[in-house]
Every structure is written in C-alpha cells, then in structure tokens.
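Before any comments, here is the structure.
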Amino acid sequence: MNERARHWQYDELPGVDLLRARYVRKTFVRHTHENFVIAAIADGVEVFHHGGGDQYAGAGALALVNPDTPHTGRAGVPEGWRYGAVYPPVDVVAEIAAETTTLRGTPGFVSPVMDDPYAVGLVHQVLRAADEGNALAADTLLRVAVTRLLRLNGGPMPRREVRTAGARIAARARGVLEERMARPPTLERLAADLGTSPFALLRAFRDTYGMPPHAWLTDARVRRARRLLDTGTTPSEAAVTVGFTDQPHLNRHFSRMVGVPPGAYQRERKNVQDLG
C-alpha cells in the first residue's frame, strides 16, 4: 500500500497548516508543534505516545495535541492509517474560544483522543473546501470544528511556570541552545557553564520539556528550518543555517517530524505564494 502525503497552506486560512496523508511504515519521532494538532482519522489506527503513555486513535476519532507538547506517531495496524489534519495557531483557537465558549485563559484540549465521527467529517470538509478554493466554507467549517472540540473536550491550558531550581536551569539551557543552534556545546560543557552536573541537567531538561536536550535541539532545528523554507531559503541553505551537516541530514529529520520532505513542503508553500 503506497504512502502519500500533502502538507500545505491555503491563503484564506492564514497561519493554518493543512495535511492529508496515508502512512503505513511511517514513524514520527518525538517532536512538538507550535500550533494545535487536530488530526481526523478516516481509516486504520494511529498510535502516538503522549503524556506518558500510548494513545490509540482509530477511524472516526481525532488525535488532539496542544502546542509545544511532545508526541510521536506510528501505525497501530498493519494497513497503517489515513487521516486529514488541520493545525490552527494559538491565537486563532483563543479567538474562537473567547467568542463561542466560557473557557478563560489560554484554551487547550483535555483528552488527546476523542471519538467524534461528526467532527472528523468537519475536518475533512475543511480540507476539501481549501482544495476547492472555497474560502467561506473553509473558514466557517474550521471555526465550527474548533468550537465543537473545545466545547466537548476543552479546558484551560496548563501553565508552565518555572518554579523549581531544576526548571530554571533547564530554561537557561534552552536559551543557550536556541542562541547556539548551529554549534551547540556538549552536555558536559553546557552543564559546567550553568553550574550543574551533566546528569542533573539532563534530568531537569527532560522533566521540564519532555525530551532530552539533544532531541529538543533537533526539534527546534526543524522548526527553524520550516520558517526559513517559508521565506524562500533553499533546503540546502536551511540545513546548514540551523546546524544540520547537510541537506540529507535535514531531509531525514524533517520527514520524521513534519511528515513530508523539505523540498515537497517548500513547493506547496511556493504554490500558495504564486497564487496570491
């Protein structure tokens, strides 16, 4: 069974990423998204590690992941899974929540899996409307879908307050890695510069951000590479800028987090810009 995926944007839904895919052997490594993930499963089963355990989303269910939440993804059955997904930005979801729900603060999803064939259908209708260039339908259906999901499965997003000494050190380490993304220090040097031990830093970072520093750095590099690709930087240039050794190195990690290679990702972005 062939795997296929399309990751794109529609100008009339600013900042919202769209994905339609069928995966069989594909494995998403632990990663995060800046936007919300609303993935509507049409066939098969997706398994994703989230919040300390494996979650299973089958046909008629949605996989829901809040921004900056580490998770994975793989097939739960031999035939894989087929799905459509929308990735609305935080400000769009917050605006919808303020207008249509009683949620206060930054809204988020409470449960990572929700059985709701009606909402699954809405997500696929959003993608169809975007494909057809029907701006009114795409925008309307997206808002209806997000409103429904927030009303049935919404709550205030947990605040990540940096209270403990370990969390403060982890935040400082993250700042160093963001500044020195292309040439990061070793764990030992980073720990020494922050006045702690390598294993104490490793434990604090994993507790705070859900993954060890090297995995977080790869995730951050892919995020930054996406932004560079969005502005027209070539994949080979983006790879070196964010600290990958070469384009194949970027290709491998990008595909395992975004779901498509960087070249295919950028071609879809360029098509949107050309049409605008």
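- When hydrophobic clusters are built by joining Ile, Leu, Val, Met, Phe, Trp and Tyr residues whose side-chain heavy atoms come closer than 4.5 Å, directly or via intermediates, Y118 is grouped together with I38.
- The ring of H49 has its center no closer than 6.0 angstrom to the ring center of H71.
- Neither L18 nor V65 shares a network with the other; the hydrophobic side chains, linked directly or stepwise wherever heavy atoms of I, L, V, M, F, W or Y lie under 4.5 Å apart, form separate groups for each.
- Rounding to the nearest 0.5 Å places CG of L229 at 13.0 Å from CD of E268.
- Between R22 and D43 the shortest side-chain heavy-atom distance falls below 4.5 Å.
- How far CZ of R267 is from CZ of R6: 12.0 Å, rounded to the nearest 0.5 Å.
- Side chain to side chain, N153 and S111 fail the donor-acceptor criterion of an N or O pair below 3.5 Å.
- Considering only residues two or more places apart in sequence or on other chains, D139 meets the side-chain hydrogen bond (donor to acceptor under 3.5 Å, both in side chains) condition with R143.
- With Y265 as the aromatic partner, R226 does not meet the cation-pi criteria of under 6.0 angstrom to the ring centre and within 45 degrees of the ring axis.
- Between I41 and V120 there is no side-chain heavy-atom pair separated by less than 4.5 Å.
- Note that CD1 of I169 is 4.5 Å distant from OG1 of T196, once rounded to the nearest 0.5 Å.
- For CD of E34, the number of neighbouring non-hydrogen atoms (other residues, nucleotides, ligands) closer than 6.0 Å is greater than 12.
- In this structure, CD in Q9 is found 4.5 Å from CG in D17, a value given to the nearest 0.5 Å.
- Across L62 and A119, no two heavy atoms sit closer than the pair CD1-CB, 3.8 Å.
- Taking CD of E188 as the reference point, atom CG of L201 lies at 11.5 Å (rounded to 0.5 Å).
- The side-chain heavy atoms of P213 and L202, taken from C-beta on, include a pair separated by under 4.5 Å.
- Side-chain N or O atoms of Y23 include one that pairs as donor or acceptor with a backbone N or O of G259 at under 3.5 Å.
- Checked against V146 for a side chain to side chain contact (heavy atoms under 4.5 Å, CB included), the options V126, I96, V123 give a single hit: I96.
- Counting only heavy atoms from C-beta outward, the side chains of F48 and P112 approach each other to under 4.5 Å.
- By the rule that hydrophobic residues join a cluster once side-chain heavy atoms approach within less than 4.5 Å of another member, V92 and W8 end up as members of one cluster.
- Interatomic distance, CG of L177 versus NE2 of H214, reported as 12.0 Å (0.5 Å rounding).
- Scanning both residues, V242 and M181, for their nearest heavy atoms gives O-CG, 3.4 Å.
- Taking hydrophobic clusters as Ile, Leu, Val, Met, Phe, Trp and Tyr residues chained together by side-chain heavy-atom distances below 4.5 Å, L217 shares a cluster with F244.
- Nearest heavy-atom pair, L190 versus A173, reported as atom, atom and distance to 0.1 Å: CD2-CB, 4.0 Å.
- Looking at Y209, its side chain never comes within 3.5 Å of a backbone N or O of P70 through a donor-acceptor pair.
- Side-chain contact between N35 and P67 is absent, with no heavy atoms from C-beta onward closer than 4.5 Å.
- When all heavy atoms are compared, the tightest approach of H50 to L64 is NE2-O, 4.5 Å.
- Environment of CZ in R189: sparse, with no more than 12 heavy atoms of neighbouring residues, nucleotides or ligands closer than 6.0 Å.
- Contact check for K26 versus E3: side-chain heavy atoms found under the 4.5 Å cut-off.
- With sequence neighbours left out, T186 forms a side-chain hydrogen bond (donor to acceptor under 3.5 Å, both in side chains) with no residue at all.
- In the hydrophobic clustering of this structure, L127 groups with L149; members are Ile, Leu, Val, Met, Phe, Trp, Tyr whose side-chain heavy atoms approach within less than 4.5 Å, directly or through other members.
- In plain terms, the two heavy atoms of S255 and F28 that are nearest each other are O-CE2, 4.4 Å.
- Of the listed residues (R256, H31, M257), just one forms a side chain to side chain contact (heavy atoms under 4.5 Å, CB included) with V222, and that residue is M257.
- Summarising the geometry of A42 relative to H124, their closest heavy-atom pair is CB-NE2, 3.9 Å, with the distance given to 0.1 Å.
- F36 has its ring centre less than 6.0 Å from the ring centre of F109.
- Under the salt bridge (Lys or Arg N to Asp or Glu O under 4.0 Å) criterion, R148 pairs with D116, not counting sequence neighbours.
- Side-chain contact check for M157 versus V90: every heavy-atom pair is 4.5 Å or farther apart.
- In this structure, W81 and V45 have side chains that are not in contact, with every pair of non-hydrogen atoms separated by 4.5 Å or more.
- One finds a salt bridge joining R74 and D54 here, because a Lys/Arg side-chain nitrogen approaches an Asp/Glu carboxylate oxygen to under 4.0 Å.
- In the model, T100 has no side-chain atom that pairs as donor or acceptor with a side-chain atom of R151 under 3.5 Å.
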